[in-house]
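Per chain, numbering begins at 1; letters A, B, ... match sequence-line order. Nothing here was measured: the structure is a model prediction, and the numbers come from that model.
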Amino acid sequence: MMNEAQLAAELAFQEGWKDGGHEGELVPRGPFRFSAALAYMGRSENECLFYVDQDQDRVCKWIEAGGERVLVEIFGGPEDRTVRLRFLDEAAHGNPQARLAAARYVWEWFDLGTDLDAFYRLAESDLLLGPLTQRFYGLRCIGIPDLFEALCWAILGQQINLAFAYTLKRRFVESYGASMARDGRTYWTFPTPETIAGLSVADLTPLQLTSKKAEYVLETAARMADGRLTKEHLLSLANAQAVERELTAIRGIGPWTAHYVMMRCLRLPSAFPAGDVGLQNAVKHLFGMDSKPTPVELQRLAAGWSGFEAYATFYLWRVLY
DNA sequence: TACCAGGGTTGAA
DNA sequence: TTCAACCATGGT
């Protein structure tokens with residue numbers, strides 16, 4: 001069952017998606033620049049779940065969605081303001097279902113259903129955010145639509161630098177994900193909860209996960225594999241507090257991880273990883289402070305961002321990463 | 001070589 | 001309820 005917000009989101013997608021057979025176009029709501037998305041996506045050379053082409057004008061991904069796997073090339077439309085998809089599998093050309101699933105995935109991934117104007121209006125009078133919305137105009141909060149992938153990525157990235165987090169993800173994906181070779185490239189999909197749930201700590205520690213992280217990932221996989229934890233259930237909860245409670249009840253998922261996933265997967269606008277080191281460093285940098293702001297100081301700043309904390313966080317991160 | 005990194009759990013006070 | 005100790009390992 002969809003709630004009201006989910007229904008509105010679905011209608012916006014259907015309005016925005018123009019299926020043209022072997023190609024298609026997504027028309028976002030409100031301000032958007034494809035190049036801003038791509039600049040963010042190309043930040044790590046070590047990304048293993050999609051390719052950003054060297055001339056930086058397109059991204060290719062083997063998308064797994066709605067029971068379909070589709071190889072898609074994603075590039076900018078007229079004036080950088082829409083997203084165009086090219087389906088590289090001939091099978092997809094005769095399969096509207098697969099094209100729809102892939103388009104829906106990209107719509108969510110790029111957060112094309114959010115009207116940024118509301119965020120920009122709020123940022124106008126904000127000392128910190130105002131300049132950022134001009135600098136990164138049209139940037140969407142690039143997400144992680146798959147819940148298991150989002151949770152694993154957040155857990156893997158706990159308390160380590162981003163470069164090493166990417167290395168861990170690559171090892172994890174290349175050890176237990178599915179792959180397909182095409183045009184000299186290997187495309188990977190993220191491991192399924194079912195696959196990971198069948199492993200033990202000893203299978204994961206050789207990848208350089210700490211044994212704690214291995215336990216956390218296995219526990220998360222087990223819960224998703226047997227249906228105790230689903231994205232649909234989390235989305236059906238009444239409010240962000242309830243989602244946070246549900247997530248932090250899982251060993252290895254604290255407030256930071258919960259809010260990170262609420263922000264990048266569940267798309268809750270008020271998600272806010274207040275203890276995040278990157279967030280603290282961004283504020284320190286922008287204000288020219290001698291030391292990082294405390295979580296309390298950060299919360300005070302964020303009081304003016306009510307309802308847009310997630311976007312504020314993403315724009316602040318963009319300053320450093 | 002220290003110190004830090006897009007944290008979390010545990011157990012004592 | 002709060003807080004320090006501990007976890008462990010690559011990057012700089």
Side-chain angles (χ1 to χ4, degrees), chain A residues 39-49 128 132 136 139-144 149-175 201-221 223 229 243-268 270-286 289-299 301-302 305 309-321:
Chain A
Y40 168 79
M41 298 171 90
R43 70 191 178 139
S44 173
E45 299 280 320
N46 213 2
E47 174 61 59
C48 59
L49 293 173
L128 206 55
L132 295 185
F136 301 120
L139 173 69
R140 301 294 171 128
C141 176
I142 304 301
I144 306 173
E149 181 187 335
L151 284 164
C152 287
W153 171 239
I155 291 169
L156 291 180
Q158 288 169 1
Q159 188 57 22
I160 59 174
N161 59 62
L162 215 49
F164 184 44
Y166 274 107
T167 300
L168 287 182
K169 181 170 87 162
R170 175 179 288 281
R171 290 179 185 153
F172 188 69
V173 168
E174 293 184 352
S175 297
V201 169
D203 294 315
L204 295 177
T205 47
L207 310 182
Q208 304 301 106
L209 274 75
T210 64
S211 53
K212 289 294 179 194
K213 281 187 185 177
E215 287 173 17
Y216 302 160
V217 166
L218 291 174
E219 170 66 18
T220 301
R223 284 174 182 254
L229 177 64
V243 178
E244 182 177 358
R245 257 201 310 277
E246 188 98 359
L247 283 173
T248 53
I250 302 168
R251 230 173 76 86
I253 299 181
W256 179 86
T257 306
H259 279 265
Y260 184 92
V261 169
M262 287 157 65
M263 173 181 160
R264 298 207 56 202
C265 180
L266 304 174
R267 298 296 193 182
L268 302 184
S270 59
F272 186 57
D276 181 77
V277 174
L279 202 51
Q280 295 167 9
N281 284 331
V283 172
K284 176 189 167 194
H285 172 77
L286 288 170
M289 301 160 76
D290 293 327
S291 58
K292 290 181 288 193
T294 65
V296 175
E297 289 175 316
L298 216 47
Q299 287 284 11
L301 264 178
W305 306 338
E309 290 92 336
Y311 255 94
T313 300
F314 197 75
Y315 271 60
L316 284 166
W317 275 345
R318 198 69 193 88
V319 173
L320 299 181
Y321 311 117

Taking all non-hydrogen atoms of both residues, which atom of A:Thr248 and which atom of A:Ala258 are closest, and how far apart?
CG2-CB, 3.9 Å
Heavy-atom side-chain proximity of A:Ser175 to A:Leu207 below 4.5 angstrom
yes
Please list, pair by pair, any protein nitrogen or oxygen found under 3.5 Å from a nitrogen or oxygen in nucleotides 1-5 of chain B.
from  : atom 1 : to       : atom 2 : distance (Å)
B:dA5 : OP1    : A:Asn281 : ND2    : 3.1
B:dA5 : OP2    : A:Lys292 : NZ     : 3.4
B:dA5 : O3'    : A:Ile160 : O      : 3.4
B:dA5 : N7     : A:Gln159 : NE2    : 2.9
B:dA5 : N3     : A:Gln159 : O      : 3.4

Parallel, tilted or perpendicular: ring planes of A:Tyr311 versus A:Phe314, cut at 30 and 60 degrees:
perpendicular
A:Tyr216 backbone acceptor or donor facing A:Glu219 side chain under 3.5 Å
no
Applying side-chain contact (heavy atoms from CB on, under 4.5 Å) to A:Lys212 and A:Arg251, what does each step give before you reach the verdict?
CA-CA 10 Å; A:Lys212 289 294 179 194; A:Arg251 230 173 76 86; 4.2 Å; yes
If you measure from the P atom in B:dG11 to the same atom in C:dA8, how many Å do you get, rounded?
14 Å
Restricting to non-hydrogen atoms, name the atom on A:Thr220 and the atom on A:Ile155 that form the minimum distance, rounded to 0.1 Å.
OG1-CD1, 3.7 Å
At their closest point, which heavy atom of A:Ala154 faces which heavy atom of A:Trp256, and how far apart are they?
O-CZ3, 3.4 Å
Between A:Gln158 (side chain) and A:Gly252 (backbone), is there a donor-acceptor pair under 3.5 Å?
yes
Start and end of chain A contact along DNA chain C [non-hydrogen atoms, under 4.0 Å]
C:dA8 to C:dG11
Should A:Thr257 and A:Ile250 be marked as a side-chain contact (heavy atoms from CB on, under 4.5 Å) after you check the CA-CA gap, both sets of side-chain angles, and the distance that decides it?
CA-CA 11 Å; A:Thr257 306; A:Ile250 302 168; over 6 Å; no
Could you tell me whether a side-chain N or O of A:Gln280 sits under 3.5 Å from a main-chain N or O of A:Gly275, the two making a donor and an acceptor?
yes
Is A:Asp276 close to A:His259 at the side-chain level, that is, under 4.5 Å between some pair of heavy atoms?
no
Just need the stems in DNA chain C: three or more back-to-back Watson-Crick or G-U pairs, each with both distances under 3.5 angstrom, sorted by first number.
B:2-5 with C:9-12, B:7-13 with C:1-7
Sorted by number, residues from residues 206-217 of chain A placing a heavy atom under 4.0 Å from DNA chain B are A:Tyr216
Closest non-hydrogen atom pair between A:Leu286 and A:Val319, with its separation:
CD1-CG2, 4.0 Å
What residue pairs, at least two apart or across chains, pass salt bridge (Lys or Arg N to Asp or Glu O under 4.0 Å) with a residue in residues 152-173 of chain A?
A:Glu47-A:Lys169, A:Arg170-A:Glu174
Judged by atom type as modelled, is there a donor-acceptor pair below 3.5 Å linking the side chain of A:Arg267 to the main-chain atoms of A:Cys141?
yes
Residues touching DNA chain B, which here means a heavy atom under 4.0 Å, drawn from residues 245-255 of chain A
A:Ile250, A:Arg251, A:Gly252, A:Ile253, A:Gly254, A:Pro255
Once you measure the plane-to-plane angle for A:Tyr166 and A:Trp153, does it fall in the parallel (<30°), tilted (30-60°) or perpendicular (>60°) bin?
tilted
